[in-house]
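Okay, structure first, notes after.
Predicted, not measured: the structure shown is a model, and the values here were computed from it.
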Amino acid sequence: DWLARKSCNYMTDAVEDCGNMLIGVCNTEDEVTKLKDQQLKGILAQLSLSIAEWDSEKCPAVKSHVDRIKAEQTEAEDDDCVEIHNKYETCTSQAYEDYKAAHEVGEDGRPDWLARKSCNYMTAA
């Protein structure tokens with residue numbers, strides 16, 4: 001489960017640690033938590049499909065997200081929210097497909113290829 005562990009490390013660094021930098025004058029902790037949950041939701045959907053060994057319970061950042069989402073799901077969602085969530089899922093899925101396509105093409109010879117492609121994915125998702 002090396003890939004699963006490395007993916008967890010990446011998400012913890014990119015979403016949790018970097019996201020926490022936003023807390024302060026411009027954003028409350030709750031606002032940042034919602035932003036991180038949005039990022040993790042899209043990423044988690046793709047990880048579950050692409051990494052057979054993925055177990056959300058083993059990744060603290062993702063487990064916290066899943067626990068929060070489960071708590072929120074006990075509240076009823078109206079039709080508008082369901083439609084918005086569906087659009088969000090479509091958007092994040094497309095971002096992942098673009099990310100996979102970039103990996104299939106391979107490096108373009110410019111510096112920091114993986115960092116650029118990962119940044120593009122995180123921005124789009």
- Trp2, Trp54: one ILVMFWY side-chain cluster at the under-4.5 Å cut-off? yes
- Message: Is there a side-chain contact (heavy atoms from CB on, under 4.5 Å) between Asp1 and Lys58? Walk through the geometry before answering.
- Response: CA-CA 11 Å; Asp1 63 351; Lys58 292 182 179 179; 4.2 Å; yes
- Trace of the side-chain contact (heavy atoms from CB on, under 4.5 Å) decision for Leu47 with Met11: CA-CA 11 Å; Leu47 282 175; Met11 285 193 310; 3.3 Å; yes
- Message: Any salt bridge linking Asp112 with Arg116? Criterion: basic side-chain nitrogen under 4.0 Å from a carboxylate oxygen.
- Response: no
- Shared hydrophobic cluster for Leu49 and Leu3 (ILVMFWY, side-chain gaps under 4.5 Å): no
- Message: Going by side-chain contact (heavy atoms from CB on, under 4.5 Å), name the residues that satisfy it together with Asp98, two or more places apart in sequence or in a different chain.
- Response: Gln94
- Could you tell me whether the side chain of His65 reaches within less than 4.5 Å of the side chain of Lys36, counting heavy atoms only? no
- Would you indicate whether the side-chain heavy atoms of Ser93 and Gln46 approach each other to under 4.5 Å? yes
- Task: Take Cys18 and Asp13 through the test side-chain contact (heavy atoms from CB on, under 4.5 Å) and record every step on the way to the result.
- Result: CA-CA 6 Å; Cys18 293; Asp13 290 346; 5.7 Å; no
- Given side chains that start at C-beta, do those of Glu16 and Leu40 come closer than 4.5 Å, heavy atoms only? yes
- Pair Trp113-Asp108, side-chain contact (heavy atoms from CB on, under 4.5 Å): steps then yes or no: CA-CA 7 Å; Trp113 179 83; Asp108 58 10; 3.4 Å; yes
- For Glu104, enumerate each residue passing the salt bridge (charged side-chain N to carboxylate O under 4.0 Å, His left out) test, keeping only those at least two apart in sequence or located in another chain. none
- Task: State plainly whether one hydrophobic cluster holds both Tyr96 and Tyr10, where clusters connect Ile, Leu, Val, Met, Phe, Trp and Tyr through side-chain heavy atoms under 4.5 angstrom apart.
- Result: yes
- Query: Around atom CD of Glu53, are there more than 12 heavy atoms of other residues, nucleotides or ligands at under 6.0 Å?
  - Reply: yes
- Message: Would you say that Asp37 contacts Arg68 through its side chain, given a criterion of any heavy-atom pair below 4.5 Å between the two side chains?
- Response: yes
- How about Cys8 and Pro60: do any of their side-chain heavy atoms sit closer than 4.5 Å? yes
- Item | Close side-chain approach of His103 to Leu114, heavy-atom, < 4.5 Å | yes
- Query: For Val32, what are the other residues in its hydrophobic cluster, where any two members join if their side-chain heavy atoms are less than 4.5 angstrom apart?
  - Reply: Leu22, Ile23, Leu35
- Any ion pair linking Asp30 and Lys34 (charged N to carboxylate O, less than 4.0 Å)? no
